[in-house]
Amino acid sequence: MKKIIEKLSYIFRVAIALLRGFYYVVYYRLFRSDVKIKFPFKAFASVNIIGPGSVSIGKNCSVLKNVFRGLTIITLSKNAKVAIGKECHLGGLTIRCFNHVEIGDRVMTAVSLIQDSLFVDFNKANSIIKNQQIVAPKSIELGDNVWLSGYSIVLGNSKIGKDCVLGACSLYYNIELNEYSLGLGNPVKRAFPIDRILNLKGAS
Amino acid sequence: MRGFIAQLRGKIFILICKYFRKNIYIDKGLKIYKKLYIEGNGKIYIGRNCVIDGIKGDKSQYVSIDTHSLDAVIKIGDNVGLYAARVSSKFQITIGNDVLIEESSIVDTDFHSIDKSRGRPTNENKDKCQIYIGNRVCIGVKSVVTKGVKIEDNVIIAPGSVVTTSVKSGSMVMGNPAKPVAG
């Protein structure tokens with residue numbers, strides 16, 4: 001009996017998420033021509049997309065609540081472009097984009113930050129600092145099947161290969177991770193090949 | 001319009017502080033875009049043309065400035081932008097002119113002791129714990145500046161940094177703990 005109730009409750013939650021997702025798809029289609037979300041889109045938590053740039057989200061994506069947050073995408077310039085692939089599970093993710101952020105398919109995120117510039121108010125920061133150049137916003141690429149763990153931060157000029165795991169509280173800046181590797185540390189200096197780690201533990 | 005309302009809010013706040021909260025001294029030109037929450041009985045000085053705002057896209061964030069003792073002093077210079085920042089002082093925090101602080105914490109005390117009692121820290125005093133932030137400093141999101149740190153002029157603190165040691169002029173630091181990096 002308990003299992004039946006649980007299953008019914010799950011079906012009900014998914015139905016509400018689909019309806020909510022449908023609302024977001026239609027809302028952005030009507031009021032923001034530069035924001036394209038493909039259906040089906042499951043929204044278990046809130047989705048906020050603001051700013052003048054363009055955003056696209058592939059089909060079969062879900063937004064889940066993670067540490068009280070849903071999905072927030074802020075484009076900070078007219079030329080900003082955020083592209084999210086299909087079948088992604090985005091929980092508590094915040095994206096702040098000046099330039100270009102590309103997220104592959106089947107990416108999974110916990111509460112984390114993807115920001116392609118060192119400062120949200122990049123122009124103000126540039127006007128403050130003398131005798132030092134603040135690096136201009138550079139693109140960020142996350143490959144397919146990447147797992148972004150809790151409280152991690154990915155900053156500009158970072159390219160994360162497919163199947164990578166980004167450790168909790170880690171920070172990525174100006175780095176390229178090879179496929180299927182584990183990134184740890186703040187900042188991450190080198191990545192560890194996951195198949196070697198699995199072999200050490202004797203898991204495979 | 002938004003700017004006008006922020007200026008008006010700033011002027012009202014300055015008036016309120018002038019008559020009802022005499023431990024807070026604010027110079028002219030304050031702009032308040034998001035809530036400014038000031039708590040405690042220590043002295044707070046805010047310079048000219050400062051901006052109080054949240055981080056774009058995050059509706060719940062605001063700026064919090066609090067003092068945890070009567071002797072605590074927080075001095076904020078001119079043209080400082082506090083964006084969802086938290087400044088919390090038991091001793092003294094000095095922030096220079098033309099500083100940008102985004103979604104970060106500046107805290108000059110540990111609040112609790114590391115021994116099991118979790119009481120107040122016994123080895124803290126003003127000389128050891130006060131924080132000094134120079135002019136033309138930019139502090140990126142999700143950073144923490146801890147007690148006893150001196151950040152000189154013209155410094156960049158990258159996002160996600162935990163600054164535990166002093167930072168020399170003209171450098172950029174990143175990481176936990178924050179270390180100098182090439183831009």
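The structure displayed is predicted, hence computed values, not measured ones.
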Seminar exercise, completed: Bottom line for B/Val162: the part with an atom under 4.5 Å from chain A's heavy atoms is neither
Seminar exercise, completed: Here the gap from A/Thr94 atom OG1 to B/Glu103 atom CD, rounded to the nearest 0.5 Å, amounts to 8.0 Å
Exercise. Would the number of heavy atoms belonging to other residues, nucleotides or ligands and lying under 6.0 Å from OH of B/Tyr33 be above 12?
Worked result: yes
For this session: Could you tell me whether A/Tyr151 atom OH has more than 12 heavy atoms of other residues or ligands within 6.0 Å of it?
Result: no
Exercise. Is the OH atom of B/Tyr37 crowded by more than 12 outside heavy atoms at less than 6.0 Å?
Worked result: no
Problem set entry | Proximity breakdown for B/Ile157 and chain A, heavy-atom pairs closer than 4.5 Å | backbone
Seminar exercise, completed: Cut-off 4.5 Å, heavy atoms of chain B, and the answer for A/Leu76 is side chain
Exercise. Rounded to the nearest 0.5 Å, what separation is found between the CE atom of B/Met174 and the CG atom of A/Leu155?
Worked result: 6.0 Å
Exercise. Who among B/Val137, B/Ile156, B/Asp98, B/Ile139 has the most heavy-atom pairs with chain A under 4.5 Å?
Worked result: B/Ile156
Exercise. Roughly how far apart are A/Ile153 CD1 and B/Ser143 OG, rounded to 0.5 Å?
Worked result: 7.5 Å
Problem set entry | From A/Lys124 atom NZ to B/Asn79 atom CG, the distance as rounded to the nearest 0.5 Å | 7.5 Å
For this session: Go through B/Val141 and A/Arg96 one step at a time and tell me if the side-chain contact (heavy atoms from CB on, under 4.5 Å) criterion holds.
Result: CA-CA 11 Å; B/Val141 299; A/Arg96 296 179 188 142; 3.6 Å; yes
For this session: Give a yes or no on whether the backbone of A/Phe119 and the side-chain of B/Glu102 come within a donor-acceptor separation of less than 3.5 Å.
Result: no
Problem set entry | Which atoms of B/Leu100 approach chain A - backbone, side chain, both or neither, heavy atom under 4.5 Å | both
For this session: Considering only heavy atoms and a distance below 4.5 Å, find which of B/Gly81, B/Gly140, B/Pro159 pairs most often with chain A.
Result: B/Pro159
Exercise. Tell me, side chain or backbone of A/Leu113 under 4.5 Å from chain B's heavy atoms, or both, or neither?
Worked result: side chain
For this session: Give the intermediate values and the outcome of side-chain contact (heavy atoms from CB on, under 4.5 Å) for residues A/Asp121 and B/Tyr83.
Result: CA-CA 10 Å; A/Asp121 201 340; B/Tyr83 295 82; 3.8 Å; yes
Seminar exercise, completed: Rounding to 0.5 Å, atoms CD1 (A/Ile128) and CZ (B/Arg136) come to a distance of 10.0 Å
For this session: With a 4.5 angstrom heavy-atom cut-off, could you sort out which part of B/Lys179 is near chain A: side chain, backbone, both or neither?
Result: neither
